[in-house]
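In what follows, every heavy atom counts, from backbone to side chain, and hydrogens, waters and symmetry copies are set aside.
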Amino acid sequence: MRLSSTASILLGTLACGIVLAVFASRYHVERVWEDAMYGFFPSASRAYSYGERHFSALNPARYDLDRAEYFFNKAVAQDPDNEKVLHQLARIEFLRGKLPQAYALINMQIARHGELVPSSYYVRGLIAGYMDRYADAAKDYEKYLESDPKNWAAINDLAWVLMKDGRYQEATVALEKGLESWPDNAWLLNSQATAFYELGKIESAYAAIQAAHSAAGRLRESDWSTAYPGNDPLIAREGLHSLQKSIEENMHSIAAQMKK
């Protein structure tokens, strides 16, 4: 016997509701368990580990900025010298768009633990870039790259602030180094196309944007989440589509310029 379309829809809706209820119930139980365990056995390390659990794009079922911030604040209250917690709190403030607060926190982090946590320079560079402090941002990215010279995301962000500062030739040099290790990276290729375009190297820009378009077409949502580990995994699809759309628009603009 075949179900009517109405019955099928109702059963499908019911099944989805059950699944969502199971996940919601499981998450609630986990929160109660975390609160109980922390209440009975409070420690900075436990609080920090719970905060990290809720601050990873690769763990979408647990991603929760408020929950992460709650436990990171517990960690710093118990151990003000924790070498990473101010770094994480700065990232959270940045994701919320609270740039002055994020910048203050990351400056405190670097003053205390900059040499122990080189990635804090990366975070400060990102925050400074969004505050239009491009020269400062470039210095921070360069500092971070001393410890991780082949990190493509840092190279791409360095190129971004260099271009925002009008330093297109320097951006191409940085991108060329990145592409030696990551020749099919859509982000690097898109940035390279932009830098070439601004320098008037239209044919080189078109070759780069075509390669970027091909590489972006092979990306999956998981690739986007890996590239942006602190961002909400629920926006991975939107983020990936935004990147692909940006590359397509750049390709059309460069192609139009070639015809002139």
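- Side-chain contact check for Tyr63 versus Leu65: some heavy-atom pair is nearer than 4.5 Å.
- Evaluation of the side chain to side chain contact (heavy atoms under 4.5 Å, CB included) rule for Ala102 yields Glu93, Phe94, Ile127 as partners, not counting sequence neighbours.
- Note: the hydrophobic cluster containing Met108 also contains Ile92 (ILVMFWY, side chain heavy atoms under 4.5 Å, direct or indirect links).
- Using a 4.5 Å cut-off on side-chain heavy atoms (C-beta onward), Ile106 and Arg91 make no contact.
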Side-chain polar contacts of residues 208-220 - donor-acceptor pairs under 3.5 angstrom, sequence neighbours left out - could you list them?
residue	atom	partner	partner atom	Å
Ser214	OG	Arg218	NH1	3.0
Arg218	NH1	Ser214	O	3.4

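- Qualifying side chain to side chain contact (heavy atoms under 4.5 Å, CB included) partners for Asn82, counting only residues two or more places apart in sequence or in other chains: Tyr48, Asp79, Lys84, Val85.
- Connection of Leu145 to Leu116 is not established within any shared hydrophobic cluster, with ILVMFWY side chains joined at heavy-atom distances below 4.5 Å, either directly or through further cluster members.
- Screening residues 171-190 for side-chain hydrogen bond (donor to acceptor under 3.5 Å, both in side chains) gives Gln169-Thr172, Trp187-Tyr228, Asn190-Asn250 as the qualifying pairs, with residues at least two apart or on separate chains.
- Each of Val173 and Tyr134 belongs to its own hydrophobic cluster when Ile, Leu, Val, Met, Phe, Trp and Tyr are linked at side-chain heavy-atom distances under 4.5 angstrom.
- Both Tyr70 and Phe40 belong to a common hydrophobic cluster when Ile, Leu, Val, Met, Phe, Trp and Tyr are linked at side-chain heavy-atom distances under 4.5 angstrom.
- Annotation for Asn156 and Ser191: closest pair OD1-OG, 2.6 Å, computed over non-hydrogen atoms.
- Applying the under-4.5 Å side-chain rule to Ile, Leu, Val, Met, Phe, Trp and Tyr, the cluster around Phe196 consists of that residue alone.
- Side-chain N or O atoms of Ser147 include one that pairs as donor or acceptor with a backbone N or O of Tyr144 at under 3.5 Å.
- Here the NZ-CD1 distance, from Lys143 to Ile110, works out to 10.0 Å after rounding to the nearest 0.5 Å.
- Residues satisfying the salt bridge (charged side-chain N to carboxylate O under 4.0 Å, His left out) test with Asp35, not counting sequence neighbours, are Arg67.
- With rounding to the nearest 0.5 angstrom, the CG atom of Asp148 is 8.5 Å from the CD1 atom of Ile155.
- Judged as a salt bridge (charged side-chain N to carboxylate O under 4.0 Å, His left out), and not counting sequence neighbours, Glu142 has no contacts.
- When atom types are taken as modelled, the side chain of Tyr122 and the backbone of Ala153 share a donor-acceptor pair closer than 3.5 angstrom.
- Between Phe71 and Gly51, the closest heavy-atom pair is CB-N, 3.6 Å.
- Heavy atoms only, all atoms of each residue included: Glu221 and Ala236 are closest at O-CB, 3.9 Å.
- Clustering of Ile, Leu, Val, Met, Phe, Trp and Tyr side chains at separations under 4.5 Å places Leu199 together with Met163, Tyr168.
- Residues Leu158 and Leu175 are not in side-chain contact: their nearest non-hydrogen atoms beyond the backbone lie 4.5 Å or more apart.
- For the pair Arg53 and Glu34, the salt-bridge criterion is met [side-chain N within less than 4.0 Å of a carboxylate O].
- The salt bridge (charged side-chain N to carboxylate O under 4.0 Å, His left out) search around Glu238 returns none, not counting sequence neighbours.
- Minimum interatomic distance between Gly125 and Ala137 (heavy atoms only, all atoms of both residues): O-CB, 3.3 Å.
- Here the CG atom belonging to Asp223 is positioned 8.0 Å from the CG atom belonging to Leu240, to the nearest 0.5 angstrom.
- Here the CG-CD distance, from Leu243 to Glu248, works out to 10.0 Å after rounding to the nearest 0.5 Å.
- Between the side chain of Thr226 and the backbone N or O of Ser222 there is at least one donor-acceptor pair closer than 3.5 Å.
- Pairs of residues two or more places apart, or lying in two chains, that qualify as side-chain hydrogen bond (donor to acceptor under 3.5 Å, both in side chains) and include a residue from residues 96-115 are Asp66-Arg96, Glu69-Arg96, Asn107-Arg124, Gln109-Ser120, Glu115-Tyr121.
- Applying the side chain to side chain contact (heavy atoms under 4.5 Å, CB included) criterion to Ser45, with sequence neighbours excluded, gives Ser43.
- For the atom pair OG of Ser253 and OH of Tyr206, the computed distance is 12.0 Å after rounding to the nearest 0.5 Å.
- Shown here are the side chain to side chain contact (heavy atoms under 4.5 Å, CB included) partners of Lys139, two or more places apart in sequence or in another chain: there are none.
- Counting only distance, with no hydrogens or angles, the side chain of His54 and the backbone of Arg62 share a donor-acceptor pair below 3.5 Å.
- Hydrophobic clustering (side-chain heavy atoms under 4.5 Å, transitive across Ile, Leu, Val, Met, Phe, Trp, Tyr) keeps Val117 apart from Phe55.
- Nearest heavy-atom pair across Ala47 and Ala75 is CB-N, 3.7 Å.
- Nearest heavy-atom pair, Pro183 versus Leu189, reported as atom, atom and distance to 0.1 Å: O-CD1, 3.7 Å.
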Starting from the C-alpha separation in whole Å, work towards a yes-or-no answer on ring-ring contact (aromatic ring centres under 6.0 Å, His included) for Trp160 and Tyr141. CA-CA 11 Å; Trp160 163 59; Tyr141 284 128; 7.1 Å; no
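- The structure places CD1 of Ile202 at 5.0 Å from CD of Gln257, a figure rounded to the nearest 0.5 Å.
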